Amino acid sequence: MSEGGFRVGLLGNGTVGAAFAALLPAHADRIQRITGLRPELAGILTRSTGSFEQLLEHSDLIVELIGGIDPARDYLLRSMRAGRHIVTANKQLLSHHGEELWEEARLQGVQLRFEGAVAGVVPVIRVLQESLAGATIDRVHGIVNGTTNFILTEMARTGATFNAALAEAQRFGYAEADPSEDVDGRDAAAKMAILARLAFDTPVHIDQVRYEGIEHIQPDDLEYARELGLGLKLIGTAERIGEALSVRVHPAFLYPGHPLASVGGPFNAVTVESEAITEITMSGPGAGGPQTATAVLGDVISAMIPPASTPPTMKVLEIVHDVVSAFYLHVEVADEPGVLAQVAQVLAQQEVSVKSVVQKGLGDQARLVMVVHPVLESRFTAAMELIAGLEILRAPPRAIRVLEEEFG
Ligand SMILES: NC(=O)c1ccc[n+]([C@@H]2O[C@H](COP(=O)([O-])OP(=O)(O)OC[C@H]3O[C@@H](n4cnc5c(N)ncnc54)[C@H](OP(=O)(O)O)[C@@H]3O)[C@@H](O)[C@H]2O)c1
């Protein structure tokens, strides 16, 4: 290790590698505060530049973002044998040769971290390995391929065919020029093999995962499903069945209440079920250079200082309470002409604008239910107080905040 520094050798300078190379120096100050060591890039290896041997010699940790089996496997084994910690996002390699690599890491006493290999920046690996290490897991369900989730979301939203939705995914950069491993389910199968390995502490090779893709899905499958209130997702499942394990990937309909049903677009999500914890769902961006590089950098920091650490306070930030929110407002008023106008006038005075309103007669009373656009909470409270003072009011007004963000 260089004096006060921590040298990171980077293999690969593509979508994720280049994002990582930009992210590391941008976060070097903060990482130094957390770990006491300043990370620096020791060098980058690509097909045309750099020498692996030299990079290894001058690095404390190797980040592998080449992808594929060879030469990534050889580079990782050699790095570990030289006593270097490893961070990789290579699901292909881990789903084929995970046992060999984990065994080597144990043997050499080095860390092998791979958060970016499954579900991008969604921290499923760490949660399975650390946070839920004390739980007996019964089942893991996942939407672990963003390309297929985007395609199915588009088909459901627009009625497009599989091919048209795939072309749209390619246009947005959510699908590779050759999308076969994504759409036939093999990419998801590799990720489920890794998750199953961690959840059930048993070797799982990708060849043991049964998988089916989404190429055969027709627009009318989605149309009928919509009428029945169902959504279609490519679901990976790893579950304990008696003393055995089933790991599979296939399209499946979900009812709206299922935690994975609302995960749309290129997002990924993983649900872990266990008697002790009931169910935990994690979701977020499943791919992308900067997103995956963030997961990779998190692994690098963990490898630099294994125990969890809270960085020292650097700056005291003001804590604010008066924040912007949309609100649902419920008012019971006398059923007289002009009551809506009176309430609307008070809201307008406080610059609270109404997004939608429903008015309902209830005998000699009327109920106004409205949703207002995001507004500073103090303004909304002032409007509420004025409304509460109106003579037409029959009960105190009620309000509930509305989270407007739509995910996916
Ligand atoms: N892209 C994502 O959103 C994403 C998400 C999660 C995980 N991952 C994983 O992250 C890894 C990297 O993916 P990526 O999308 O960044 O790949 P990429 O854009 O294709 O980049 C690959 C990089 O590796 C280099 N490389 C390939 N073969 C090499 C060899 N034999 N020797 C030295 N360098 C070699 C390439 O060098 P040249 O520049 O010379 O071609 C390139 O710089 C893969 O394991 C992938 O599965 C990617």
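Since the structure is predicted, the reported quantities are computational estimates derived from the model, not experimental observations. In listed order, ligands and their atoms are each counted from 1.
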side-chain contact (heavy atoms from CB on, under 4.5 Å) assessment of Asn13 paired with Leu45:
CA-CA 7 Å; Asn13 195 23; Leu45 179 79; over 6 Å; no
Any carboxylate oxygen within less than 4.0 angstrom of a Lys/Arg side-chain nitrogen, looking at Arg226 and Glu223? no
Does atom 20 (O) of ligand 1 have a protein heavy-atom neighbour under 4.0 Å away? no
Closest heavy-atom approach to atom 25 (C) of ligand 1 among Gly67, Gly12, Gly17 is made by Gly12
re atom 37 (O) of ligand 1, the protein heavy-atom contact at minimum distance is Arg47 N, 3.5 Å
for atom 39 (O) of ligand 1, nearest protein heavy atom and its distance come out as Thr46 CB, 4.0 Å
Pro71 heavy atoms within 4.0 Å reach ligand 1 at atoms 31 (N)
Looking at Asp70, Ile66, Val121, the heavy atom closest to atom 24 (O) of ligand 1 belongs to Ile66
Judged by heavy atoms only, the candidate from Pro285, Ala89, Pro290 nearest atom 8 (N) of ligand 1 is Ala89
Glu279 and Thr281: side-chain donor and acceptor closer than 3.5 Å? yes
for atom 5 (C) of ligand 1, nearest protein heavy atom and its distance come out as Thr292 OG1, 3.2 Å
For Leu65, the atoms of ligand 1 under 4.0 Å from one of its heavy atoms are 12 (C), 22 (C), 23 (C), 24 (O)
Under 4.0 Å from one or more heavy atoms of Asn13, ligand 1 contributes atoms 23 (C), 42 (C), 43 (O)
For Ala119 and Asn268 the tightest heavy-atom approach is CA-OD1, 3.3 Å
Q. Do any nitrogen or oxygen atoms of Gly14 come within less than 3.5 Å of a nitrogen or oxygen of ligand 1?
A. yes
Closest non-hydrogen atoms of Pro39 and Leu37, given as atom of the first, atom of the second and distance, are CD-O, 3.5 Å
**Message:** Does this structure show an ion pair linking Arg248 with Glu212, if we count only N-O contacts that are shorter than 4.0 Å?
**Reply:** no
Please determine if Glu40 and Arg7 form a salt bridge, counting it only when a charged side-chain N lies under 4.0 Å from a carboxylate O. no
- Query: Looking only at N/O atoms, are Val16 and ligand 1 under 3.5 Å apart anywhere?
  - Reply: yes
### Heavy-atom check, side chain of Thr88 versus side chain of Leu76, under 4.5 Å
yes
Any nitrogen or oxygen of Tyr75 lying under 3.5 Å from a nitrogen or oxygen in ligand 1? Just yes or no. no
Counting from 1 in the order shown, the ligand 1 atoms closer than 4.0 Å to a non-hydrogen atom of Ala287 are 3 (O)
Task: N-O pairing of Arg113 and Glu130 below 4.0 Å - done: yes
Contact region, Lys91 to ligand 1, non-hydrogen atoms below 4.0 Å, reads side chain
Q.
In the structure I gave you, are the side-chain heavy atoms of Arg84 and Leu56 within less than 4.5 Å of one another anywhere?
A. yes
**Study point:** Carboxylate-amine/guanidinium contact Arg33 Asp29, below 4.0 Å
**Key:** no
The atoms of ligand 1 lying under 4.0 Å from a heavy atom of Gly116, numbered in the order shown, are 6 (C), 7 (C)
### Task
Could you establish whether Gly288 and ligand 1 come within less than 4.0 Å of each other, counting only heavy atoms on the residue side?
yes
